[in-house]
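Below is one structure, written out as structure tokens; the observations come after it.
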Amino acid sequence: MILSDLAKNAMLQSIANMLNTGTNATLSIYIGTTLAVELAMKNPVEASVSNGILTFNTPFEAVAIESGVPTGAKLRDSAGILIADFDVGTELTLDKDKIYMGGYVGLSSLAISI
């Protein structure tokens, strides 16, 4: 099956709409299985939805509660329901390669493509 860009965009906009409902969605960054930092996503979450790509607005920085090399991230809606899992470095980019407890962590880029 090959989807048209119109169909892809509709699916991605549905994901954005789920994340825009209620208070802020969250992006939790992990070092292995340990939570290192939680970023509150902006509302609306989407900077754009086009050509089968949902590009996210970058959230404000947050203070890390653990130190180490980030490995994964979980995107949850405002009710805490898991929407997506990401690999750090390949599917999302942080502003630093390593996280330090007490230091600020920011997101450089995040996009979902179909």
Side-chain angles (χ1 to χ4, degrees):
M1 174 175 68
I2 298 173
L3 296 171
S4 69
D5 280 348
L6 181 66
K8 292 176 187 177
N9 293 344
M11 292 167 61
L12 291 167
Q13 188 61 55
S14 292
I15 293 170
N17 291 345
M18 289 188 318
L19 294 168
N20 290 331
T21 302
T23 58
N24 297 70
T26 57
L27 182 68
S28 303
I29 311 295
Y30 292 86
I31 298 167
T33 59
T34 303
L35 177 65
V37 65
E38 190 168 83
L39 304 173
M41 300 299 289
K42 292 181 179 175
N43 193 336
V45 296
E46 72 275 17
S48 66
V49 177
S50 65
N51 300 319
I53 301 170
L54 164 59
T55 303
F56 288 83
N57 283 315
T58 54
F60 296 108
E61 294 179 329
V63 177
I65 58 174
E66 290 292 332
S67 297
V69 177
T71 56
K74 296 184 183 296
L75 181 62
R76 292 183 173 87
D77 68 8
S78 63
I81 296 170
L82 181 65
I83 302 299
D85 279 304
F86 299 98
D87 290 323
V88 174
T90 56
E91 297 175 314
L92 70 83
T93 306
L94 298 175
D95 61 353
K96 300 171 187 62
D97 292 337
K98 188 168 182 181
I99 294 174
Y100 296 96
M101 184 170 37
Y104 283 95
V105 177
L107 182 69
S108 296
S109 67
L110 175 61
I112 297 174
S113 61
I114 296 177

Hey, what do you get for [atom1] ([X]) to [atom2] ([Y]), rounding to the nearest 0.5 Å?
X: Ile53; Y: Asp5; atom1: CD1; atom2: CG; result: 9.0 Å
X: Asn20; Y: Ile15; atom1: CG; atom2: CD1; result: 12.0 Å
X: Thr58; Y: Leu92; atom1: OG1; atom2: CG; result: 12.5 Å
X: Ile31; Y: Ser67; atom1: CD1; atom2: OG; result: 6.5 Å
X: Ser28; Y: Leu39; atom1: OG; atom2: CG; result: 8.0 Å
X: Leu94; Y: Glu61; atom1: CG; atom2: CD; result: 11.0 Å

We want to know whether Gln13 and Asn17 form a side-chain donor-acceptor pair, criterion being a heavy-atom distance below 3.5 angstrom. yes
Determine yes or no for a side-chain-to-main-chain donor-acceptor pair under 3.5 angstrom, with [X] supplying the side chain and [Y] the backbone.
X: Asp77; Y: Ile81; value: yes
X: Asp95; Y: Ser108; value: no
X: Asp85; Y: Lys74; value: no
X: Asp87; Y: Gly72; value: no
X: Thr26; Y: Gly80; value: no
X: Asn43; Y: Thr23; value: no

Residues Phe56, Leu75; criterion side chain to side chain contact (heavy atoms under 4.5 Å, CB included); working and verdict:
CA-CA 12 Å; Phe56 288 83; Leu75 181 62; 3.9 Å; yes
Heavy-atom closest pair, residues [X] and [Y]:
X: Leu3; Y: Lys8; answer: O-CE, 3.4 Å
X: Asn57; Y: Pro44; answer: ND2-O, 2.9 Å
X: Gly52; Y: Asn9; answer: N-OD1, 2.9 Å
X: Pro59; Y: Ala40; answer: CB-O, 3.1 Å
X: Pro70; Y: Ile99; answer: CB-CD1, 3.8 Å

*Treating Ile, Leu, Val, Met, Phe, Trp and Tyr as nodes and any side-chain heavy-atom pair under 4.5 angstrom as an edge, say whether Tyr30 and Val88 lie in one connected cluster.*
no
Exercise. Are Ile29 and Phe60 in one and the same hydrophobic cluster, where Ile, Leu, Val, Met, Phe, Trp and Tyr link if side-chain heavy atoms are under 4.5 Å apart?
Worked result: no
I'd like to check Met11 versus Ile114 (side-chain heavy atoms, cut-off strictly below 4.5 Å). Are they in contact?
yes
- Give the C-alpha distance, both sets of side-chain angles, the deciding distance and a yes or no for side chain to side chain contact (heavy atoms under 4.5 Å, CB included) between Val37 and Tyr104. CA-CA 9 Å; Val37 65; Tyr104 283 95; over 6 Å; no
